[in-house]
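Below: the structure, in structure tokens.
Proteins come first, then strands; the chains are lettered A, B, ... in the order of their sequence lines, and each starts at number 1. The figures that follow rest on heavy atoms only: side chains count, while hydrogens, waters and symmetry mates do not. Only a predicted model underlies this, so the values are computations on that prediction, with no experimental measurement involved.
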Amino acid sequence: MRPYRPKDNVQKKAYYNDRFYVTPQIPKDDPASDEVYSKDIEKLQSKFSISESYIQRGELVIYIDPDSNVEVLEFLKDELDYSFLMEMSAVDFLAQREGFEIFYELLSLSKRKRIRVKTFIKENQAIESVQHLFRSANFAEREMFDMFGIQVNNHPYLKRILMPDDWEGYPLRKTYPLQGDEFAQWYEVDKIFGKEARDIVGPEIRDSAHIDRYDTERFARLGHEVPRGTDISKDEPDTDNHEFQEEGGVFLIKDLNKPQKVLSEKERRER
Amino acid sequence: MAQHQVNYGQDAGLPVALTTIDKIVNWGRSNSLWVLTYGLACCGIEMMASGASRYDFDRFGTIFRASPRQAEVMVIAGTLTKKHAEFIRRLYDQMAEPKWVISMGSCANTGGMFNTYATVQGADRVVPVDIYLPGCAPRPETLQYAVMMLQKKIRREPANRNRNLKQKRFV
Ligand code: SF4
């Protein structure tokens with residue numbers, strides 16, 4: 001198994017140490033270069049403060065103020081006909097900028113254009129819910145709360161959606177270990193048997209090839225089972241051979257190691 | 001009034017078969033294994049295929065039941081998430097004794113490829129497992145083989161076993 005290295009500090013350290021390495025960037029175009037987007041951005045800029053805007057891969061990206069997210073999306077939906085919220089979530093920038101970037105992906109079916117609205121919030125800052133504009137934001141905001149711990153104001157039912165309700169921690173934050181913190185590793189044992197069962201059940205075995213033939217709690221050996229929990233470290237029961245079909249054993253289980261006779265050309269013709 | 005009389009001492013012997021209680025009880029148990037449907041992920045599809053007409057689980061007396069009260073085998077077919085662990089234990093507790101568990105597929109055996117925070121690393125952390133069936137996903141034939149292995153195992157057990165006494169770790 002590949003050793004697991006905690007990536008707690010992954011954001012602070014660059015993966016690449018090559019001095020001459022330049023992260024590839026997708027080229028950014030001016031919004032004025034597209035006739036639909038240039039009109040849209042004009043209308044947006046007249047009403048809201050837009051800190052940055054560009055076209056990337058043929059899609060308009062705008063950066064807005066986190067307080068104006070509902071108004072901007074309402075304007076985009078009602079006036080500019082971006083009627084469909086395809087996706088929304090957040091990106092963890094806690095280590096670099098102490099906050100989250102929230103993005104909304106909108107689609108206009110009539111214009112056949114997509115727009116990405118981005119905004120940045122600080123760690124403990126809340127964002128206003130947009131679920132009254134787009135129904136799909138309901139679950140997406142719950143997921144954002146579940147995975148990043150971002151509070152969403154005026155959401156009708158802000159509760160964890162994927163993880164259990166009593167879960168601790170926010171799994172999609174970059175500081176969350178992939179194999180879980182202590183709470184996650186003991187979650188099912190604590191919940192079902194109680195904390196005192198931790199010693200009996202033991203820690204999680206992360207090596208999927210792990211076999212302990214003397215462990216009669218977890219491993220039953222077919223053909224010579226012993227009662228659960230018996231100590232077999234001293235005398236082993238004899239192993240018996242597998243029963244093949246030819247020997248009156250299990251139906252369809254054939255002895256493939258049996259030497260097979262190769263027919264000569266003459267014998268084959270005679271058959 | 002009997003129409004004819006059979007002379008048992010003379011014709012085909014007495015209609016008596018001698019056996020032990022263990023054997024006849026286990027014969028009955030092992031040949032009517034009713035399975036609790038427990039498809040959790042992709043392995044569940046293979047489990048359904050084993051029950052469908054091509055592979056035909058009914059030949060073994062293995063009939064899928066949707067209620068734990070009517071089942072004696074639980075086939076954990078798929079990825080057991082931590083959120084679900086509580087419910088699998090509850091359903092296991094609701095099954096009537098005697099009961100057995102087949103853990104089907106790498107995910108249920110060890111967590112499989114989901115070496116993450118959200119997956120139980122082996123269903124045996126939650127319920128005691130009798131047969132571990134490897135594969136991702138195991139083919140229906142192998143599930144049938146696992147059931148046959150379980151039948152063999154049952155036939156070897158004493159009929160009046162009290163599993164609860166032996167399962168101290170899960171009391
Ligand atoms: S063992 Fe493979 S096929 Fe089965 S549930 Fe896991 S991933 Fe799916």
Fill in the blank from the handout: Value for CD1 (B:I88) from CD (A:E188), rounded to nearest 0.5 Å, stands at 11.5 Å

Exercise for the section: Look only at the side chain of A:K191 and the backbone of B:E86, and say whether a donor-acceptor pair between them is shorter than 3.5 Å. Expected result: no

Problem - Distance-minimising heavy-atom pair for B:A118 and A:M163 - result: CB-CE, 4.3 Å

Practice task
Can you tell which part of B:K152 gets under 4.5 Å to a heavy atom of chain A, answering side chain, backbone, both or neither?
Solution key: side chain

Exercise for the section: Please report the C-alpha distance between B:R89 and A:F193 in whole Å, then the side-chain angles of each, then the deciding distance to 0.1 Å, and finally whether the side chain to side chain contact (heavy atoms under 4.5 Å, CB included) criterion is met. Expected result: CA-CA 10 Å; B:R89 181 69 205 189; A:F193 307 113; 4.1 Å; yes

Problem - Contacts with chain B made by residues 164-173 of chain A (heavy-atom distance under 4.5 Å), listed by residue number - result: A:P164, A:W167, A:P171

Exercise for the section: Inspect the surroundings of CZ in A:R57 and state if more than 12 heavy atoms from other residues, nucleotides or ligands are less than 6.0 Å away. Expected result: no

Handout entry: Pairwise side-chain contact, B:T110 with A:I205, heavy-atom cut-off 4.5 Å (strictly under)
Key = no

Exercise for the section: For B:R59, look at atom CZ and say whether over 12 heavy atoms of other residues, nucleotides or ligands are found less than 6.0 Å away. Expected result: yes

Problem - B:R125 side chain reached by A:W186 side chain, heavy atoms, under 4.5 Å - result: yes

Fill in the blank from the handout: Under 4.5 Å to a heavy atom of chain A? For B:M148 that would be side chain

Exercise for the section: Give a yes or no on whether A:K122 atom NZ has more than 12 heavy-atom contacts from other residues, nucleotides or ligands under 6.0 Å away. Expected result: yes

Handout entry: Greater than 12 external heavy atoms within 6.0 Å of A:R114's CZ
Key = no

Exercise for the section: Can you see which heavy atom on B:V126 is nearest to which on A:I192, and at what distance? Expected result: CG1-CD1, 3.5 Å

Completion exercise
Ordered numerically, the heavy-atom neighbours of chain A under 4.5 Å found in residues 36-56 of chain B are none

Exercise for the section: Provide the closest heavy-atom pair for B:K83 versus A:I161 in the form atom of the first, atom of the second, distance. Expected result: NZ-O, 3.6 Å

Handout entry: Atom CZ of A:F139: over 12 foreign heavy atoms under 6.0 Å
Key = no

Exercise for the section: Among the options B:N109, B:T116, B:T119, pick out the one with the most heavy-atom pairs lying under 4.5 Å from chain A. Expected result: B:T116

